Amino acid sequence: METFITSTVFNPNLRGKAVHIKGYDIEGEWYDRVFLVKDVSGEQITLVNSNGEFIEDIYLENFTYEDDALKITVLEELANE
C-alpha cells in the first residue's frame, strides 16, 4: 500500500481570478470565453460570467483528454510603471 499518491488538481489560487478558456470540451462544445473562477474543488472549477451568474462546473478531464482539449489562461492585470 502506498502512503502517498501524486494527483493533478486545479490550483486553489485560481479562485477569484479571471480566466480565458479556449478549445473543445469532452462533449465537443467549443469554448472561447472569459470567466471568473468562483470556486475550486480538486478536479472541478466553478465558473461565472462577468455578471456573476453561474455558468457551469468544468472538470479537469476537459483539459487533459487530447490535444484539442480546453486550454486555460489566467488573466492578470499589469502593474502601471
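Given the structure is predicted, the values throughout are model-derived calculations rather than measurements. The chain is numbered in sequence order, starting from 1.
Every residue meeting the ring pair (Phe, Tyr, Trp, His ring centres under 6.0 Å) condition with Y24, not counting sequence neighbours, appears here in chain and number order: W30. Residues passing the ring pair (Phe, Tyr, Trp, His ring centres under 6.0 Å) test with F10 are F63, sequence neighbours excluded. F35 is linked by a ring pair (Phe, Tyr, Trp, His ring centres under 6.0 Å) to nothing, counting only residues two or more places apart in sequence or in another chain.
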Worksheet item: Between V19 and I45, does a side chain to side chain contact (heavy atoms under 4.5 Å, CB included) hold up when you go through it step by step?
Response: CA-CA 11 Å; V19 294; I45 55 175; 5.6 Å; no
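A heavy-atom distance below 4.5 Å is found between the side chains of V37 and L47. Contact of the R33 side chain with the I21 side chain is not registered, since no non-hydrogen atoms from C-beta on lie closer than 4.5 Å. Side chains of H20 and D32 form a contact here, defined as non-hydrogen atoms less than 4.5 Å apart. In this structure the side chain of L75 reaches within 4.5 angstrom of the side chain of V34, judged on heavy atoms. The side-chain heavy atoms of I58 and D25, taken from C-beta on, include no pair separated by under 4.5 Å.
To the nearest 0.5 angstrom, T8 atom OG1 is 8.0 Å from E43 atom CD. Rounding to the nearest 0.5 Å gives a distance of 12.0 Å between NZ of K17 and CD1 of I72. With values rounded to the nearest 0.5 angstrom, L36 atom CG is found 12.5 Å from T46 atom OG1.
Using a 4.5 Å cut-off between side-chain heavy atoms of Ile, Leu, Val, Met, Phe, Trp and Tyr, with links allowed through other members, V9 and L70 fall into different hydrophobic clusters.
Looking at R15, its side chain does come within 3.5 Å of a backbone N or O of V40 through a donor-acceptor pair. Put simply, the side chain of N11 gets close to the backbone of N13: a donor and an acceptor are under 3.5 Å apart.
Looking at Y59 and Q44, their side chains do bring a donor and an acceptor atom within 3.5 Å of each other.
Annotation for K71: atom NZ counts as buried by contact number, over 12 foreign heavy atoms lying within 6.0 Å.
Smallest separation of non-hydrogen atoms from N62 and A69: O-CB, 3.4 Å.
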